[in-house]
Amino acid sequence: MGNTAKTRLGHIFSGTATMSRYDAAQIEQKWQEAWDKADVFKATREGGKPKYYVLEMFPYPSGRIHMGHVRNYTMGDVIARYKMSTGHNVLHPMGWDAFGMPAENAAMAIGGHPKEWTYGNIADMRGQMKPLGLSIDWSREFATCDPEYYGQQQALFLDMLDTGLVYRKNAVVNWDPVDMTVLANEQVEQGRGWRSGALVERRELTQWFFKISDMAGELLDAIDGLDNWPAKVKLMQANWIGKSRGLQFAFDRVDGGEAIEVYTTRPDTLNGASFVGISPDHPIAKALEAENADVAAFVAECRKGGTTEEAIETAEKLGFDTGIRVKHPLTGAELPVWIANFILMDYGTGAIFACPAHDQRDLDFCRKYDLPVIDTFFALDDNSPVGTEAFVPAKTDKVRFVDHFAGLDIATGEDAIDATIDFAEKGGWGEGVTKFRLRDWGLSRQRYWGCPIPIVHCDACGVVPEKKENLPIRLPDDVELDKPGNPLDRHPTWRDCACPSCGADAKRETDTMDTFVDSSWYYARFTAPRADTPTDLADAEYWMNVDQYIGGIEHAILHLLYSRFFARAMNITGHLPDSAKEPFDALFTQGMVTHEIYVTRDENDRPVYHLPEDIEWTENGARLGACGSPVEVIPSAKMSKSKKNVVDPVNIISAYGADTARWFVLSDSPPERDVEWTASGADAAFKHLNRVHRITAEIAEMGDATGQGDDDLLREMHKAIHEVTGGVESFGFNAAIAKLYAFTNALQKSKAGADAKRTAARVLAQLMAPMTPHLSEEIWQLLGGEGLVIHAPWPIADPAMLVEDTVTLPIQVNGKRRAEISVPKDLGKDEVEKLAMETDAVKRALDGKAPKKVIVVPGRIINVVV
RNA sequence: GCCCAAGUGGCGGAAUGGUAGACGCAGGGGAUUCAAAAUCCCCCGCCUUCACGGGCGUGUGGGUUCGAGUCCCACCUUGGGCACCA
């Protein structure tokens with residue numbers, strides 16, 4: 001329980017007001033029961049209403065909800081409730097992304113079973129989430145670790161295998177040579193295994209892959225149609241897919257061996273080639289590795305370190321001259337072939353030609369190994385040769401080529417590339433090709449707590465898919481998790497099975513699926529969560545697509561790209577209609593919840609972190625409540641357990657109520673940016689809700705007397721309707737709330753009569769209902785609103801009430817504001833200019849002379865240039 | 001290393017290329033009260049001025065424009081992602 005919050009607010013509750021006080025706990029329980037009783041959040045296809053599907057990225061069941069969840073689900077709830085009140089059948093489901101490593105880690109660290117740990121956490125989190133009053137259809141809830149869910153996922157896998165979307169090949173993993181186990185990237189710390197501390201190596205395993213690269217072009221082209229996605233996410237995805245056009249050609253070997261195919265996106269720099277580089281995983285490197293101890297040692301050196309692109313890109317550049325020589329296709333010059341650790345086998349052909357003058361990596365490499373650097377072009381105004389910095393102009397910049405083979409002189413990089421590809425194709429020694437950076441999706445994981453891959457290995461038949469009637473292939477419960485490695489691999493009997501093809505004794509695949517598979521189709525499953533096929537087409541047809549998807553920007557690439565792939569795969573396999581190939585119509589990426597960090601130092605000057613609720617504030621700054629030691633305050637960062645800068649939503653809800661928590665996370669920052677949780681901000685939110693409760697209760701008790709300024713109040717009301725509606729529809733929740741503050745101020749100050757005030761207060765309840773649904777129901781009832789506010793149709797602003805008769809125009813002199821005038825809204829340009837020229841400020845600035853220019857923007861501004 | 005964002009008062013932030021700082025917090029002053037809390041009213045970017053006013057001001061440096069927080073270029077700092085964290 002958050003003592004700080006309770007103490008801080010004790011005084012609010014101790015008031016002696018005769019009016020009933022704002023009792024959040026009582027109000028929230030009362031209205032949650034009313035909603036349950038009326039079953040208002042059950043998604044149905046009835047009534048001929050348009051549908052609206054709002055989905056927040058489902059949580060990993062860590063066991064505790066955090067403020068990030070509160071923010072994420074509150075945003076979705078605002079949209080869902082708003083859409084309910086605008087006449088939609090709303091689908092707003094919740095589930096659990098329940099497979100993954102933390103459950104296995106917990107089992108290893110504290111004992112127990114991943115299954116029990118996970119389902120226990122789900123129960124806890126559901127219990128913490130329900131008090132938030134979210135408009136969720138809980139009857140559709142599922143966890144990805146339910147056999148009913150992952151069995152359907154296995155069926156999907158088999159269908160994808162049938163259609164050629166799944167295949168096997170070798171791929172590298174992080175290998176811990178001490179624990180003899182595969183490590184996740186997260187488990188590699190500074191190149192070492194997190195438990196053993198051993199230097200990690202890259203090792204090849206045969207693994208299952210989804211053929212996402214087949215759809216690279218389509219996934220890229222379809223980005224254009226994602227009108228309601230953030231531009232930055234679309235750009236990140238486009239860059240990730242990485243379409244490039246380049247030249248593919250071969251270097252003939254001097255020794256007559258098989259030619260080396262290379263791919264380059266800068267064929268125009270072929271004159272500057274100083275060596276040919278191949279990946280340590282290139283077939284030629286592998287062949288040499290087998291017969292040459294020096295090569296084997298070098299390649300082994302290259303395989304040290306993790307598999308991440310970051311590790312490979314930032315590693316020190318290493319090279320080995322193979323002694324092989326190739327012929328430059330144009331000049332006939334001999335070039336050496338080097339093995340280089342920064343060349344990826346996965347991209348292009350796994351071999352390149354290096355042009356050090358115009359590529360920084362190549363240049364660093366050539367300087368290190370003393371290879372020649374040949375300039376192929378210069379800037380138009382600078383002939384100096386490349387030194388330590390490669391000359392890499394934008395492809396749209398014009399440069400001057402030196403003695404170019406395709407006859408180029410001054411040209412842009414783009415034109416030069418096209419001309420070179422043309423030249424090579426005409427000469428018959430090369431071909432223009434389009435390639436993608438996107439690699440196929442490796443889905444095999446050597447872990448227990450995931451969806452088993454429904455495959456059987458038979459000595460006679462080879463790799464055989466399991467029969468659908470045998471699904472789900474369930475995870476065994478009796479496993480030992482106390483040692484590293486995959487417990488399925490060492491289970492005495494689970495692997496044993498009959499071959500689905502010939503019936504002979506066979507062995508199950510022991511790898512499980514990447515948890516990204518689980519989250520790549522859950523949105524489709526929510527449309528028919530109990531169907532005995534992956535989806536029910538009629539339900540999918542009605543509810544898909546997700547109209548509004550909401551989640552963290554950290555999922556901008558992988559999760560969203562994999563989901564887009566899966567929707568297409570499900571369409572091909574008959575589980576989704578054509579209309580649902582692109583599953584998320586609109587995407588919103590919200591920011592994180594942050595908090596200040598409080599730290600003291602131990603005797604060794606190491607930081608000791610403290611929870612916000614243990615801090616006291618004095619005139620001299622922050623100190624520890626218990627002992628009074630001064631505390632250093634570090635600027636806000638993402639809430640994390642290790643830094644203890646966390647505020648538990650459960651504490652906040654019991655101190656202030658859910659409506660305050662919801663109001664605050666929406667009010668203080670634009671939703672796409674981070675929000676800093678502050679105790680004073682939460683207090684302010686709570687005080688405001690108290691004030692709304694008090695004001696509306698007073699209005700409810702007013703007599704029917706007429707007052708002054710009814711029309712002004714109603715104008716304010718219509719403006720509030722207009723702006724709050726716009727704010728909600730455009731995810732401007734903080735702006736909508738600012739308007740609600742202003743409208744509340746206007747309502748409080750207004751001297752209007754009871755009728756106008758009640759009308760305005762009921763509209764206030766409606767406008768606040770998506771954000772503070774419990775308080776809104778209470779006010780609505782108090783003011784005699786009909787039924788539940790969740791069922792009341794959203795108010796519509798009267799355009800006639802939104803226009804002002806006069807406008808205030810600022811007058812600038814040379815772009816600086818010097819005066820303002822108030823004029824009728826429709827006054828003509830010439831009259832406005834005349835009035836402006838007569839103001840003192842303009843006369844003073846002109847000093848009797850004529851202005852150079854006068855700009856009048858009607859209804860906006862006047863600028864006099866002197 | 002590569003890709004993508006974000007930087008505005010003491011603080012969170014607002015602002016279709018058109019009055020920078022809406023709204024909220026913190027702070028100051030006042031009303032109410034025996035007193036306090038709660039509540040209500042007023043002030044509140046920085047410098048300068050008794051005041052009227054003037055100058056400066058949206059991370060830094062340039063540019064486009066009658067006019068730039070907003071558009072363009074370069075840089076700095078912080079955050080997200082980099083394919084086995086979810």
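Note: hydrogens, waters and symmetry copies are ignored here, and every other heavy atom, side chains too, is used. This one's a predicted model, so the numbers in the text were calculated from it and none came from an experiment. Order of the sequence lines fixes the chain letters, A, B, ..., with proteins taken first and strands second; residue numbering starts at 1 for each chain.
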Worksheet, complete the sentence: Where RNA chain B forms runs of at least three Watson-Crick or G-U pairs (i with j, i+1 with j-1, under 3.5 Å), the stems are B:1-7 with B:76-82, B:10-12 with B:23-25, B:27-31 with B:39-43, B:45-48 with B:53-56, B:59-63 with B:71-75
Worksheet item: Can you list the residues that meet the side-chain hydrogen bond (donor to acceptor under 3.5 Å, both in side chains) rule with A/Y562, with sequence neighbours excluded?
Response: none
Worksheet item: Can you find a donor-acceptor N/O pair under 3.5 angstrom joining the side chain of A/Q207 to the base of B/rC84?
Response: yes
Discussion item. Over all strands shown, is A/K749 touching base, sugar-phosphate only, or nothing at heavy-atom distances under 4.0 angstrom?
Written reply: sugar-phosphate
Discussion item. So A/W240, base contact, sugar-phosphate only, or nothing? Heavy-atom distance under 4.0 Å.
Written reply: base
Fill in: Which nucleotide in B/rG18, B/rG12, B/rC4 has an atom nearest any side-chain atom of A/R860
B/rG18
Discussion item. So A/R818, base contact, sugar-phosphate only, or nothing? Heavy-atom distance under 4.0 Å.
Written reply: sugar-phosphate
Worksheet item: Excluding sequence neighbours, so at least two apart, what forms ring pair (Phe, Tyr, Trp, His ring centres under 6.0 Å) with A/F733?
Response: A/F731
Fill in: Nucleic acid footprint by protein, nucleotides 21-27 of chain B - heavy-atom cut-off 4.0 Å, B for base, S for sugar-phosphate alone
-BSSS--
Practice prompt. Taking only the side-chain nitrogens and oxygens of A/R445, find out if one of them lies under 4.0 Å from OP1 or OP2 of B/rC84.
Written response: yes
Worksheet item: In whole Å, what separates the C1' atom of B/rA20 from that of B/rU70?
Response: 11 Å
Worksheet entry | Pairwise P distance for B/rU16 and B/rG1, with rounding to whole Å | 36 Å
Worksheet item: Can you name the residues that form a side-chain contact (heavy atoms from CB on, under 4.5 Å) with A/I312, not counting sequence neighbours?
Response: A/R202, A/L344
Worksheet item: When rounded to the nearest Å, what value does the distance between P atoms of B/rC25 and B/rG13 take?
Response: 16 Å
Worksheet item: Heavy atoms under 4.0 Å, any strand shown: does A/S444 hit a base, just sugar-phosphate, or nothing?
Response: base
Worksheet item: Does A/P230 have any side-chain contact (heavy atoms from CB on, under 4.5 Å) partners at least two apart in sequence or in another chain, and if so, which?
Response: A/K232, A/V233, A/L587, A/T589
Practice prompt. Determine the contact category for A/H688: base if any of its heavy atoms lies under 4.0 Å from a base atom, sugar-phosphate if only primed atoms, P, OP1 or OP2 are that close, otherwise nothing.
Written response: nothing
Worksheet item: Ion pair present between A/K719 and A/E716, side-chain N to carboxylate O less than 4.0 angstrom?
Response: yes
Worksheet entry | Partners meeting side-chain contact (heavy atoms from CB on, under 4.5 Å) with A/V517 (sequence neighbours left out) | A/Q153, A/F210, A/W441, A/L443, A/M513, A/D514, A/F566
Worksheet entry | Phosphate OP1/OP2 of B/rG80: any A/R673 side-chain N/O under 4.0 Å | no
Practice prompt. Tell me what A/P670 touches on the nucleic acid: a base, only sugar-phosphate, or nothing, going by heavy atoms under 4.0 Å.
Written response: sugar-phosphate
Discussion item. Whether the side chain of A/E313 and the base of B/rC2 hold a donor-acceptor pair under 3.5 Å is what I'd like checked.
Written reply: no
Worksheet entry | Results of side-chain contact (heavy atoms from CB on, under 4.5 Å) for A/H69 - residues two or more places apart only | A/P59, A/I65, A/H66, A/Y73, A/M125
Worksheet item: Who passes ring pair (Phe, Tyr, Trp, His ring centres under 6.0 Å) against A/W449, sequence neighbours left out?
Response: A/F99
Worksheet item: For A/Y523, what residues pass the ring pair (Phe, Tyr, Trp, His ring centres under 6.0 Å) criterion, not counting sequence neighbours?
Response: A/F584
Worksheet item: Between A/S563 and A/L560, is there a donor-acceptor pair closer than 3.5 Å when you use the side chain of the first and the backbone of the second?
Response: no
Item to complete: Using a 4.0 Å heavy-atom cut-off, write out nucleotides 61-78 of chain B from 5' to 3' as B (base contacted by protein), S (sugar-phosphate only) or - (no contact).
Response: -----BS-----------
Worksheet item: What residues form a ring pair (Phe, Tyr, Trp, His ring centres under 6.0 Å) with A/H688, not counting sequence neighbours?
Response: A/W663, A/Y741
